[in-house]
Amino acid sequence: MASGANSLMWFRKGLRLHDNPALEYAAKGSKFLYPVFVIDPHYMEPDPTAFSLGSSKAGLNRIQFLLESLVDLDLSLKKVGSRLLVLKGDPGEVLIRCLKEGYVSGTGVEIFSPVSHTLYNPADIIRKNGGSPPLSYQSFLKLAGQPSWATTPLLTTISSLPPIGNTGSFAVSEVPTVRELGYEDLAEDERTPFKGGESEALKRLRESIANKEWVANFEKPKGDPSAFLKPATTVLSPYLKFGCLSSRYFYQCIQDILKCSKKHTSPPVSLLGQLLWRDFFYTAAFGTPNFNQMKGNRICKQIPWKNDDELLAAWRDSRTGFPWIDAIMVQLRKWGWIHHLARHSVACFLTRGDLFVHWERGRHVFERLLIDSDWAINNGNWLWLSCSSFFYQYNRIYSPISFGKKYDSAGNYIRHFLPVLKDMPKEYIYEPWTAPISVQRKAKCIIGIDYPKPVVSHDSASKECKMRLGEAYALNKKLNGLVSDEDLNELRRKADNESTTLDSVSRKKKQKLID
DNA sequence: GTCAGCGTTGAATAG
DNA sequence: TCTATTCAACGCTGA
């Protein structure tokens, strides 16, 4: 917000100085500039039910990551003559109070809110597509094209900022610690190895793109989900989530490298392709009402998922009895980050692959535990993996046994995150229930006592899942057929002066039936 | 209305 | 150890 002499910069995402058009704008010609971050108690306050089913509160690792990002932002602001003002309360109320305190005064406060979190403005893509978001990656690519700013240099350094003015009666504090927010510190081995902040993001970016050949030949599906000493991807996602790293700056850095390489991979599998996936899901989420749920979501298949608390809890708490699945869930809880293909594995297992539990339940768990948890991308991927939208080949199921084995036949990943299995011979590490009792004794891991028996048999569970999904799809088709007939009648009845298209009528009708 | 071709990343098997 | 083929087979798009 800017008004003549004073500006207020409200940081929400975009916790950075580089490529920050709002900050640039607010700084221009202002006598005083108030950089503000509001800690929203709804997001931050400790939740005694944090480990109960269905909790959507942010996990401690992500809160820690956010606080580190704020500390770093404050330090960077101080270097250029400013500082971060951390305020607490309901953001709407706090901002109104800021205005009353005279941070920004005068008549006609100007609000400037540029699109800079994503590569594109989702509204532009949707407009180009005739009012609805593209639902396939290829059509998204065609509509998106080269971003308008692709060859324009971005402002990546700020040499000075206007000072902050009088803060009035506000209790302006330093960035709080997790303890000050009422949390106990996490135990050492439960803490994510990734540190928040713009400085850390830029350092990680430099290291990631230092190997130009690696950047040019990046091919996502070939990455190893079991690599944990050195992850197979950049792990820049949490920094993109909070805007510690500008996706546009990242894009340009990759582009510069590709320009100089003889051959390189392409979207969707390339590194640039990964950034475009982010925008793909942002666009779909922006243009789809009720994107985060099955009911009332026009792009989501209606499937009679189970609401089995026991199965959900076994999955969430790493006790499905499938070491590959359980190890991934341990890494998720401790690190707040797992490889993309590991996310596929456990999401498929929970939903359409084995347990047939509702994808919204799994989404909830990811939402709380991931440090890179992003509303659009998380929901989009759960829709994808559960074969509810975007992707429909439900016969392609990740095996909780052979998928991990393909990458890590010795089971080192499992041994690391599930130490109870560390002495299990490699022949049995993916299926320890098949180990003879003598082997179990020798490995000091009796299945059913020290480590659980599998909650389902993969062979029969996956067969049943396929069957149920087939039935649900048939029912959805029938529903759609029903609606189409009505649409035709409706279109015949109505004169052609109506502005609605067949598509939008069909959607509305379908919606009514689904609701 | 029909149908081939396509879709970020399946598993098992053959060579 | 790596690649190609087969299996079984979905919805959506566009000619």
Side-chain angles (χ1 to χ4, degrees), chain A residues 129-130 132-144 217-227 232-233 237 264-281 283-284 298-303 322 324-325 328 338-349 351-354 377 380-410 430-431 458-459 461-463 465-481 484-485 487-488 502-503 506-507 510:
Chain A
N129 197 42
S132 64
L135 298 178
S136 84
Y137 187 78
Q138 293 304 330
S139 58
F140 171 83
L141 281 190
K142 259 183 232 157
L143 291 161
N217 297 320
F218 184 91
E219 212 174 332
K220 189 64 165 286
K222 293 206 172 144
D224 177 356
S226 72
T233 55
S237 54
H264 60 79
T265 52
S266 299
V269 297
S270 64
L271 199 52
L272 218 49
Q274 304 314 300
L275 268 179
L276 290 159
W277 275 109
R278 181 171 175 270
D279 268 59
F280 170 77
F281 283 123
T283 307
R298 67 169 181 82
I299 68 166
C300 181
K301 293 258 179 253
Q302 304 299 303
I303 295 164
F322 290 91
W324 171 248
I325 300 297
I328 293 170
I338 50 179
H339 185 274
H340 189 64
L341 289 177
R343 299 180 197 207
H344 278 213
S345 255
V346 295
C348 178
F349 184 85
T351 58
R352 68 181 169 86
D354 291 84
I377 301 169
N381 276 304
W382 277 96
L383 283 163
W384 186 295
L385 260 300
S386 63
C387 280
S388 296
S389 196
F390 308 112
F391 175 81
Y392 307 98
Q393 288 174 266
Y394 59 76
N395 54 313
R396 295 193 179 175
I397 291 174
Y398 291 87
S399 163
I401 296 149
S402 49
F403 185 72
K405 211 185 268 180
K406 187 162 73 178
Y407 300 95
D408 176 21
S409 61
Y430 283 88
E431 301 167 90
H458 174 62
D459 278 349
S462 58
K463 266 192 200 111
C465 282
K466 280 186 211 173
M467 206 189 69
R468 283 174 191 241
L469 228 47
E471 283 168 4
Y473 272 23
L475 211 66
N476 277 269
K477 211 185 262 178
K478 212 167 151 189
L479 193 71
N480 288 358
S484 294
D485 292 341
D487 290 342
L488 287 175
L502 174 70
D503 198 34
S506 153
R507 249 180 245 139
K510 228 180 270 181

Next item on the list: Nearest 0.5 Å please: distance from the CZ atom of A:Phe218 over to the OG1 atom of A:Thr233.
Entry: 6.0 Å
Item checked: From A:His339 atom NE2 to A:Lys220 atom NZ, the distance as rounded to the nearest 0.5 Å ->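 The distance works out to 6.5 Å.
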Any [X] side-chain heavy atom under 4.5 Å of [Y] side chain:
| X | Y | answer |
| --- | --- | --- |
| A:His340 | A:Asn381 | yes |
| A:Pro225 | A:Trp324 | yes |
| A:Phe322 | A:His458 | yes |

Please state how far atom [atom1] in [X] lies from atom [atom2] in [N], giving the value in whole angstrom units.
| X | N | atom1 | atom2 | result |
| --- | --- | --- | --- | --- |
| A:Lys142 | B:dC6 | NZ | C1' | 11 Å |
| A:Asp459 | B:dA12 | CG | C1' | 12 Å |
| A:Gln393 | C:dG11 | CD | P | 10 Å |
| A:Tyr137 | B:dC6 | OH | P | 18 Å |
| A:Arg396 | B:dT9 | CZ | C1' | 10 Å |
| A:His344 | B:dG7 | NE2 | P | 17 Å |
| A:Tyr394 | C:dG11 | OH | P | 7 Å |
| A:Lys405 | B:dT13 | NZ | C1' | 15 Å |

Note to self: Under a 3.5 Å distance rule, please check whether A:Asp224 uses its side chain to pair with a backbone N or O of A:Ala232 as donor and acceptor.
What the structure shows: no
Next item on the list: Please confirm whether the backbone N or O of A:Lys405 pairs with a side-chain atom of A:Tyr407, one donor and one acceptor, at under 3.5 Å?
Entry: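 Answer holds: no.
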Next item on the list: Tell me which of A:Lys222 and A:Lys301 sits closer to the 5' end of DNA chain C, going by the nucleotide each one is nearest to.
Entry: A:Lys222
Check: If each of A:Tyr473 and A:Ser136 is mapped to the nucleotide of DNA chain C with the nearest heavy atom, which maps nearer the 5' terminus, i.e. the 5' end?
Finding: A:Tyr473
Checklist line | Shortest side-chain distance from A:Asn381, nucleotide among C:dC10, B:dT8, B:dT9 | finding: B:dT8
Notebook entry, point to check: Out of C:dC10, B:dT9, B:dG10, which has the shortest distance to the side chain of A:Leu341?
Noted result: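 When the side chain of A:Leu341 is considered, B:dT9 is the closest of C:dC10, B:dT9, B:dG10.
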Is [X] close enough to [N] that one of its side-chain N or O atoms is under 4.0 Å from OP1 or OP2 there?
| X | N | value |
| --- | --- | --- |
| A:Ser402 | B:dA12 | yes |
| A:Gln138 | B:dT8 | yes |
| A:Lys477 | C:dG11 | yes |

Note to self: If you go through the side-chain atoms of A:Asn395, does one of them form a donor-acceptor pair with the base of C:dA9 closer than 3.5 Å?
What the structure shows: no
Next item on the list: Name the orientation class of the two ring planes belonging to A:Trp384 and A:Phe281 (parallel below 30°, tilted from 30 to 60°, perpendicular beyond 60°).
Entry: perpendicular
Checklist line | Watson-Crick and G-U pairing of DNA chain B, under 3.5 Å, as dot-bracket with | and [ ] | finding: .||||||..||||||
Note to self: Categorize A:Glu219 for me: base, sugar-phosphate, or nothing, with a 4.0 angstrom heavy-atom threshold over every strand shown.
What the structure shows: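 The residue A:Glu219 makes no contact with any strand.
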Check: With a 4.0 Å cut-off on heavy atoms, is A:Phe403 in touch with a base, just the backbone sugar-phosphate, or nothing at all?
Finding: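 The answer is sugar-phosphate, as A:Phe403 gets under 4.0 Å only of primed atoms, P, OP1 or OP2.
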Whole-angstrom distance between [N] and [M], as gauged at atom [atom1]:
| N | M | atom1 | answer |
| --- | --- | --- | --- |
| C:dG14 | B:dG1 | C1' | 13 Å |
| C:dA9 | B:dT2 | P | 22 Å |
| C:dA8 | B:dG7 | C1' | 16 Å |
| C:dC7 | B:dT8 | P | 25 Å |

Next item on the list: Give a yes/no verdict on base stacking between B:dT8 and A:Trp277: centres under 5.5 Å, planes within less than 30° of parallel.
Entry: yes
